[in-house]
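Take a look at the structure set out below.
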2 protein chains.
Amino acid sequence: MKIDPNSPADLSAQIAKAIRDAIMSGDLLVDERLPSEAELSEQFDVSRPTVREALKRLGAQSLIRTQRGATGGAFVNRLRFEDAYGQQITTSTLLLSMNDVSFGTACEARYALERSCATLASERRTADHLATMRAETHRQSQPGLTDEAFCASDVAFHRALVDAAGNPVISYQLAGAVEAMQPLMNMITFSARSRETIVGFHSQITDALEQRDGAAVDLQLSALADYANTLAQSVIDARQVAKANS
Amino acid sequence: MKIDPNSPADLSAQIAKAIRDAIMSGDLLVDERLPSEAELSEQFDVSRPTVREALKRLGAQSLIRTQRGATGGAFVNRLRFEDAYGQQITTSTLLLSMNDVSFGTACEARYALERSCATLASERRTADHLATMRAETHRQSQPGLTDEAFCASDVAFHRALVDAAGNPVISYQLAGAVEAMQPLMNMITFSARSRETIVGFHSQITDALEQRDGAAVDLQLSALADYANTLAQSVIDARQVAKANS
DNA sequence: CAATTTTCATTTGTCAGACAATTAAACGTC
DNA sequence: GACGTTTAATTGTCTGACAAATGAAAATTG
């Protein structure tokens, strides 16, 4: 392996890329041990701190894990869906907050994607999924609930719906879409009346899922999306009025 | 800011988390400059290499960028959709290859998610989208095309379809689903006959999109998904027969 | 011989200090 | 004022060292 010391990129970035490529191409297999930091620094002809910076980069992407001790070292990590959820949520949340994505756009994406599992979920939902959804819906109807707790429960409800589709790839992809919306949804569930309506939608969705009526699930999700958009629009309008008055 | 030297986690991981939290909570704004490495090492009471390892972790997630020179330093990065595409594709590809996800599961996820933009795409597609899709479809009908080139064109076709929905959040989410499937799709497009059928589907999808017939797009995508699954099954069966004979 | 304890080599984690490379601002010069 | 020069700040890299963890081998003990 060779590294170009005159490249515009940092040495540690080049080394990280070389190892990442080796992992993605299959040259390095899952759980395979990388050479020790001392060996790597010899192979790439750089110092140990530089190698370490490269390894930290890969560790941040969950591509490797490290272990201290005699038989320790850096190992190619088996990337699990659960590990990837966190990164996906972090990235999605920042994408929404840093790019001035409108509530309408985010909402449209979320429900468009979520509706895609309506059919699968009605075919495969288990009693467990229904129980989780009913439990969360019941929690959401409690009067004393804070906005944050209501939204967390809302996320749990929709996660159960997505998981009911029984496809881990779909669950992973939708984790970002559903969870990253939570901060944005906070602003539209402040009133008891809107909560009541949302709880109503959730009940109907669960009923339709129990009867394995995919079309009805899809219809209710669509109606819920419309309602969320209407609420958001009214919040935005109210803000503009308040701004004009001040 | 304080760091616990007795924590089980590495110091650099703790520092990275502290800064990451500050970014996500809004304490650090986009394009804001972080303290210099020397100042950070004082604040956290660790050495400069440790601070640097933490910064490399954040850089690997595109949360910060660094610049050398007098007015340089580490700056909070505006995370752009284009930047996130790459990470999303890397992660999705590794998830599929490292978790023994069956072709059927991946295919189901991909088409379920892609169908979710059929309606939006037929409402919003422009002449540009149609032109891209027709150009890629035409390329796919050329006889001399390698399997890799055919699949790359296939990805471009579907990317255009997704982009036609005009929602950057959906495009981002589907980038992983569509692009990560490419290596898996390679194995089912080897014969001239299957290519011909796929090109036929692509033509019909483009036609339906031109006529703004969302239901027809959805139908054709569903049929394409079924066909891909059938092909994949026949490939798997053929392999098992070959195995039994050897 | 078996079980337990001790020692030891290996590896990552952290630190200190140094120098090189880069960059923009401050400074002089014309 | 325009244009080079110096300078200070900052990241990138290197060297060398020690601490902490950890499993394996060696020594000890019953």
Side-chain angles (χ1 to χ4, degrees), chain A residues 1-20 22-23 28 31-77, chain B residues 1-20 22-23 28 31-77:
Chain A
M1 308 209 216
K2 284 279 178 67
I3 293 297
D4 174 16
N6 299 322
S7 161
D10 298 348
L11 293 180
S12 67
Q14 293 181 59
I15 293 168
K17 180 176 188 320
I19 298 176
R20 181 163 38 237
I23 293 174
L28 289 169
D31 291 335
E32 188 173 337
R33 183 180 175 282
L34 272 65
S36 71
E37 294 175 357
E39 287 170 319
L40 285 173
S41 62
E42 261 195 52
Q43 285 181 27
F44 288 113
D45 198 28
V46 297
S47 69
R48 220 188 112 204
T50 302
V51 167
R52 281 182 62 78
E53 287 178 8
L55 294 179
K56 294 309 165 197
R57 294 177 118 108
L58 298 173
Q61 297 177 301
S62 304
L63 293 182
I64 60 167
R65 61 178 186 279
T66 56
Q67 201 180 357
R68 289 221 274 204
T71 59
F75 298 84
V76 178
N77 202 26
Chain B
M1 309 212 216
K2 284 280 178 65
I3 293 297
D4 174 16
N6 300 323
S7 160
D10 298 348
L11 293 181
S12 68
Q14 291 180 63
I15 292 168
K17 181 177 188 318
I19 299 176
R20 183 163 35 237
I23 293 174
L28 289 169
D31 291 334
E32 189 173 337
R33 184 179 175 282
L34 273 65
S36 71
E37 294 174 356
E39 287 171 320
L40 285 173
S41 63
E42 261 196 52
Q43 285 182 26
F44 289 114
D45 198 28
V46 297
S47 68
R48 219 189 114 202
T50 303
V51 167
R52 281 182 63 78
E53 286 178 9
L55 294 180
K56 294 307 165 197
R57 294 176 117 109
L58 298 173
Q61 297 177 301
S62 304
L63 292 182
I64 62 168
R65 62 178 185 279
T66 57
Q67 201 179 357
R68 291 219 275 201
T71 59
F75 298 83
V76 178
N77 201 27

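By convention in this document, chain letters (A, B, ...) are assigned in the order of the sequence lines, proteins followed by strands, and residues within each chain are numbered from 1. Computation of the quantities below employed the complete heavy-atom set of this structure, encompassing side-chain atoms and omitting hydrogens, waters and symmetry-equivalent molecules. Bear in mind the structure is a predicted one, so any value in this text is a computation, not a measurement.
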What integer distance in Å separates [X]:[atom1] from [N]:[atom2]?
X	N	atom1	atom2	value
Arg48(B)	dG17(C)	CZ	P	13 Å
Glu37(A)	dC14(D)	CD	C1'	15 Å
Leu40(A)	dG13(C)	CG	P	13 Å
Asp45(A)	dT15(D)	CG	C1'	14 Å
Glu53(A)	dG13(C)	CD	P	13 Å
Asp10(A)	dC14(D)	CG	C1'	15 Å
Lys56(B)	dT11(D)	NZ	C1'	8 Å

_Angle between the two end axes of the helix from dC1(C)-dG30(D) to dC30(C)-dG1(D), five base pairs per end, rounded to 10 degrees?_
20°
*CD1 of Ile19(A) to CG of Leu28(A): how many Å apart, nearest 0.5 Å?*
8.0 Å
*Thr66(B) side, atom OG1; Leu34(B) side, atom CG - distance, nearest 0.5 Å*: 11.0 Å
Does a side-chain N or O from [X] land closer than 4.0 Å to OP1 or OP2 of [N], or not?
X	N	result
Ser47(B)	dC15(C)	yes
Thr50(A)	dC14(D)	yes
Arg52(B)	dG12(D)	yes

_Side-chain heavy-atom pair Asn77(B), Leu58(B) within 4.5 angstrom cut-off_ = no
*Side-chain heavy atoms of Asp31(A) within contact of Arg65(A), under 4.5 Å*: yes
_Judged by each residue's nearest nucleotide on DNA chain D, which is more toward the 5′ side, Arg33(B) or Ala70(A)?_
Arg33(B)
*Which residues, if any, of residues 60-69 of chain A bring a heavy atom under 4.0 Å of DNA chain C?*
Thr66(A), Gln67(A), Arg68(A), Gly69(A)
*Taking Arg52(A) for the side chain and Ser47(A) for the main chain, is one N or O donor matched with an acceptor at less than 3.5 Å?*
no
*Can you check whether Leu40(A)'s main-chain N or O pairs, donor with acceptor, with Arg48(A)'s side chain at less than 3.5 Å?*
no
_Option passing side chain to side chain donor-acceptor pair (under 3.5 Å) with Ser12(B) (candidates Lys17(B), Arg57(B), Lys56(B))_ = Arg57(B)
*Give a yes or no on whether Glu32(B) atom CD has more than 12 heavy-atom contacts from other residues, nucleotides or ligands under 6.0 Å away.*
yes
_Heavy-atom pair of closest approach, residues Gln43(A) and Pro35(A)_ = NE2-CG, 3.7 Å
